[in-house]
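Step one of this worksheet: look at the structure below.
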Amino acid sequence: MLTKNPRVVFAKRPGTGVPVPGEHVVFERSHSIDLDGVPLNGGFLTKTLMLSPEPFMRERMRDLCVASYSTHAVLGEPLVSFGLVVVLRSEKEGINPGDHLYGLTTWEVYTVQPYIEGRAKYNPAAAPDYTFDVDALSLQVVPDPKGAFPWSRYFTVLGAPGLTAFCGFEGCADAKPGETIYISSGASAVGIVVVQLAKAKGLKVIASAGADSKVEYMRSLGADVAFNYKTTSIVEVLKEHGPLDIYWDNVGGETFEAAIEYSRLHARLVMCGSISEYTIAPEARYGIKNTSMIFKKRLRIEGFLVPDLAPRLAPRFYAEMPALVAAGKITAKEHITEGLENGPAALADVLKEGGNEAAGKPIILVATE
Ligand SMILES: NC(=O)c1ccc[n+]([C@@H]2O[C@H](COP(=O)([O-])OP(=O)(O)OC[C@H]3O[C@@H](n4cnc5c(N)ncnc54)[C@H](OP(=O)(O)O)[C@@H]3O)[C@@H](O)[C@H]2O)c1
């Protein structure tokens, strides 16, 4: 018997700009699947419960001639992002029906895993050596299947954003109590964890976001100075509350320039992302004017990607973070949107300045079980 298998496919490369729902990213109801009979080929069949719209999905939609740290998304295929799935059938040892798994998965209700998106089109030999094969990052059984936390926590503090924050903060920031850190996109999924890790370490935290609701949220997490960069000058805030020992960059461009200007001697600038650049043409990107300050102030600028640092730091993250979350020392708010059909709009929202005004990590609830 066939069951409907709705999906969200990558329909057209956006070039520049935010992917438009219904044009670049399209919800489709036409696919079906035979849940009892579909061949598993040694893999397993999953049902998607939750999905996470994320900035890296936009990077994968870039034009084919543009190199980056991840493989390209494949036209006509479902989008791929972090998600939570439950196993329906399995031929794979160690994976059983009823298991919950978290990791990269497809924007469709039912999937035969492992999902090898566009594998035939990916040529590792032709990829720059800093490119990760997104398809090779597999799903993992959720470490705490007993329900100590709501599943949605795996999309914030206990999942990829938490791990990103932990790896960058512990691996690159070299933070010491009493220092001052500025965190841009401080209300993003990654940002809120950095805010809390920094406060727990005894730092003075300055954090910015593009909506007043997010400013309130960052304050509630302990940020000493929280401001809306759309209504308050970043330069003025850093002039008053700096200088910085650490800058956590989620944004790039003008914000990065301001952080260089108001950094102290030997400050560390941790480059986690540059979301202000993901949707604009290279020639439209902001040209930073004060790069000479980097040597004059002996600044240390370090970019990182989670897979670089995870082999060293993930064991500590999984050992320490669940206890901090259970004790209420690290928290997160989630903003849940119901229905896969609302996924394209939720993705567009995370790619806009001040988007997702409700504050809290956007999660798409596809099914309850
Ligand atoms: N290095 C790594 O391994 C790694 C891993 C994961 C994520 N990241 C990076 O970490 C950053 C945060 O990711 P996330 O998943 O936590 O994000 P998220 O929760 O999806 O939040 C994204 C937020 O970015 C802000 N934003 C969007 N467009 C912007 C623009 N043009 N200019 C300035 N701000 C803009 C918006 O908030 P406001 O405008 O309200 O601030 C938006 O809500 C991103 O840069 C991402 O690429 C890096």
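For ligands, and for the atoms within them, numbers begin at 1 and follow the listed sequence.
- On a distance-only criterion, Tyr278 and ligand 1 share at least one N/O pair closer than 3.5 Å.
- Those atoms of ligand 1 that come under 4.0 Å of a heavy atom in Ser274, given as number and element, are 45 (O).
- Near Thr164, meaning under 4.0 Å from any of its heavy atoms, are these atoms of ligand 1: 2 (C), 4 (C), 5 (C), 6 (C).
- Proximity of the aromatic rings of Phe304 and Trp248 is defined here by a centroid distance below 6.0 angstrom, and this criterion is met.
- Polar contact with ligand 1: present for Phe304 (N/O pair, distance under 3.5 Å).
- Other residues, nucleotides and ligands contribute at most 12 non-hydrogen atoms within 6.0 Å of the NZ atom of Lys92.
- Using a 30° and 60° split on the angle between ring planes, His100 and Trp151 fall in the parallel class, below 30°.
- A salt bridge between Asp174 and Lys176 is present, with a side-chain N of the basic residue lying under 4.0 Å from a carboxylate O of the acidic one.
- Looking at Ala160, Pro161, Cys272 and measuring to atom 2 (C) of ligand 1, the nearest heavy atom belongs to Cys272.
- Each of Trp107 and Val26 belongs to its own hydrophobic cluster when Ile, Leu, Val, Met, Phe, Trp and Tyr are linked at side-chain heavy-atom distances under 4.5 angstrom.
- Looking at Arg264 and Asp245, a side-chain N of the basic residue comes within less than 4.0 Å of a carboxylate O on the acidic one, giving a salt bridge.
- Of the polar atoms of Val190, at least one N or O is found under 3.5 Å from an N or O of ligand 1, judged by distance alone.
- Partner of Phe10 under the side-chain contact (heavy atoms from CB on, under 4.5 Å) criterion, out of Met57, Arg60, His72, Met61: Met61 alone.
- Closest to atom 36 (C) of ligand 1 among all protein heavy atoms lies Lys352 O, 3.5 Å.
- Interface atoms of ligand 1 facing Val350, defined by a heavy-atom separation under 4.0 Å, are 20 (O), 22 (C), 23 (C), 27 (C), 42 (C).
- Atom 15 (O) of ligand 1 has its closest protein heavy atom at Pro55 CD, 3.4 Å.
- Contacts between Ser276 and ligand 1 below 4.0 angstrom, taking non-hydrogen atoms only, involve backbone and side chain alike.
- Using cut-offs of 30° and 60° for the angle between ring planes, the Phe155 and Tyr102 rings count as perpendicular.
- Residue contacts with ligand 1: Gly354 is placed with a nitrogen or oxygen under 3.5 Å of a nitrogen or oxygen of the ligand (distance criterion only).
- Remark: distances from the non-hydrogen atoms of Gly355 to ligand 1 include one below 4.0 Å.
- The salt bridge (charged side-chain N to carboxylate O under 4.0 Å, His left out) test with Glu108 is passed by exactly one of Lys47, Arg7, Arg29, Lys4: Arg7.
- Of the inter-residue distances, the one linking Phe56 atom CZ with Tyr69 atom OH reads 7.0 Å to the nearest 0.5 angstrom.
- Checking only distances, Tyr229 does come within under 3.5 Å of ligand 1, N or O to N or O.
- Tyr182 is not connected to Leu197 by any chain of hydrophobic side-chain contacts under 4.5 Å among Ile, Leu, Val, Met, Phe, Trp and Tyr, and they are in different clusters.
- Between Leu305 and ligand 1, no pair of N/O atoms sits closer than 3.5 Å.
- An N or O contact shorter than 3.5 Å links Gly210 to ligand 1 by distance.
- Ligand 1 has an N or O atom lying under 3.5 Å from an N or O atom of Ala189, backbone or side chain.
- The option with the heavy atom closest to atom 45 (O) of ligand 1, from among Leu351, Val270, Asn250, is Asn250.
- Between atom 32 (N) of ligand 1 and the options Glu353, Lys361, Lys214, the minimum heavy-atom separation is to Glu353.
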Could you give me the CA-CA distance, side-chain angles and deciding distance for Lys12 and Glu23, then say whether salt bridge (Lys or Arg N to Asp or Glu O under 4.0 Å) is met? CA-CA 7 Å; Lys12 187 177 164 192; Glu23 182 185 351; 2.8 Å; yes
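- Of all atoms in ligand 1, listed by their number and element, those nearer than 4.0 Å to a heavy atom of Gly273 are 45 (O).
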